[in-house]
Amino acid sequence: MASVGPSAASTQPALPSGPAVFKTIPYAFILPEILCGTWVWMLIAATSVSLPLLQGWVMYVSLTSCLISLLLLLSYLLGFHRNSENWKVLDSLYHGTTAILYMSAAVLQANATINSEFSINAPLNYQLNSAASFFAFLTTFLYILHAFSIYYQ
């Protein structure tokens, strides 16, 4: 007769809700992602955009990702997930996709930074674009960390 042990679902860690979100490693990355993403679009908005197609995509990715991450954080804080395994899949897919989109945006922002070096307001625009590039790559790294830590949890 086979012994009855704990099921596979019970060995999975529970999804945090409330303030425990900020203490659990994969989910603790959400707030820094939001803050760094906010810095990206604020810094780009402060420059005189010389390449609207490039920096428009960066603004779209950063603003959309910031808003969706904020909604995801609020759903975790309010406990909308009800400890469902589908939320882990949703979280992993969202952060993986956003990491890819943010990588493309960070590369385009780096290109805009290089092109802004020789613009009319070179020193100020170059510094703002350099900071935006730094935060774009940092945000990309945070999204990658979140996606992999959720996937391997």
Side-chain angles (χ1 to χ4, degrees), residues 13-84 86-153:
L15 293 173
S17 60
V21 170
F22 301 115
K23 298 175 186 172
T24 310
I25 273 300
Y27 308 101
F29 291 129
I30 296 177
L31 192 59
E33 291 164 1
I34 292 170
L35 294 176
C36 290
T38 303
W39 272 109
V40 170
W41 61 266
M42 283 188 342
L43 288 166
I44 293 173
T47 66
S48 61
V49 178
S50 58
L51 301 165
L53 188 61
L54 297 180
Q55 290 181 309
W57 174 249
V58 179
M59 286 287 285
Y60 172 75
V61 169
S62 62
L63 189 58
T64 305
S65 302
C66 182
L67 292 175
I68 294 173
S69 293
L70 184 62
L71 290 174
L72 192 61
L73 176 64
L74 288 175
S75 67
Y76 278 123
L77 286 174
L78 298 175
F80 289 151
H81 54 75
R82 294 191 179 93
N83 214 10
S84 171
N86 294 335
W87 277 86
K88 283 186 179 181
V89 173
L90 173 79
D91 198 349
S92 181
L93 287 174
Y94 165 69
H95 281 88
T97 304
T98 306
I100 293 169
L101 294 175
Y102 237 110
M103 179 58 79
S104 70
V107 169
L108 290 175
Q109 180 57 36
N111 185 15
T113 301
I114 293 168
N115 290 336
S116 73
E117 188 175 10
F118 305 108
S119 69
I120 296 170
N121 298 329
L124 179 63
N125 280 337
Y126 182 73
Q127 291 170 354
L128 290 172
N129 281 324
S130 296
S133 296
F134 171 76
F135 281 109
F137 280 108
L138 180 64
T139 308
T140 302
F141 181 66
L142 288 170
Y143 276 106
I144 290 170
L145 280 177
H146 190 126
F148 278 115
S149 62
I150 281 286
Y151 182 73
Y152 288 116
Q153 185 182 19

What is the distance from atom [atom1] of [X] to atom [atom2] of [Y], rounded to the nearest 0.5 Å?
X: Tyr102; Y: Ser104; atom1: OH; atom2: OG; result: 10.5 Å
X: Leu93; Y: Thr98; atom1: CG; atom2: OG1; result: 10.0 Å
X: Leu35; Y: Cys66; atom1: CG; atom2: SG; result: 8.0 Å
X: Glu33; Y: Phe141; atom1: CD; atom2: CZ; result: 11.5 Å
X: Thr113; Y: Leu128; atom1: OG1; atom2: CG; result: 10.0 Å
X: Ile30; Y: Asp91; atom1: CD1; atom2: CG; result: 5.5 Å

Which atom pair, heavy atoms only, marks the closest approach of [X] to [Y]?
X: Ala132; Y: Leu43; result: N-CD1, 3.6 Å
X: Ala147; Y: Gly96; result: CB-N, 3.6 Å
X: Asn125; Y: Ser48; result: ND2-OG, 2.8 Å
X: Cys36; Y: Leu142; result: SG-CD1, 4.1 Å
X: Val58; Y: Ala105; result: CG2-O, 3.2 Å
X: Ile44; Y: Gln109; result: CD1-OE1, 3.3 Å

- With side chain to side chain contact (heavy atoms under 4.5 Å, CB included) as the test, would you mind laying out the steps for Tyr94 and Tyr143 before giving the verdict? CA-CA 9 Å; Tyr94 165 69; Tyr143 276 106; 3.8 Å; yes

- Message: Checking the side chain of Ser62 only, and the main-chain atoms of Met59 only, is there a donor and an acceptor separated by less than 3.5 Å?
- Response: yes

- Query: How are the rings of His146 and His95 set to each other: parallel, tilted or perpendicular (split at 30° and 60°)?
  - Reply: parallel

- Message: Apply side chain to side chain contact (heavy atoms under 4.5 Å, CB included) to residues Ser130 and Phe134 and explain how you reach the verdict.
- Response: CA-CA 6 Å; Ser130 296; Phe134 171 76; over 6 Å; no

- Thr38 side chain reached by Phe135 side chain, heavy atoms, under 4.5 Å: no

- Query: After noting the C-alpha distance and the side-chain angles of Gln55 and Thr47, does the key distance pass the side chain to side chain contact (heavy atoms under 4.5 Å, CB included) rule?
  - Reply: CA-CA 10 Å; Gln55 290 181 309; Thr47 66; 4.3 Å; yes

- Item | Worked verdict on Leu72 versus Trp87 for side chain to side chain contact (heavy atoms under 4.5 Å, CB included) | CA-CA 10 Å; Leu72 192 61; Trp87 277 86; 3.8 Å; yes

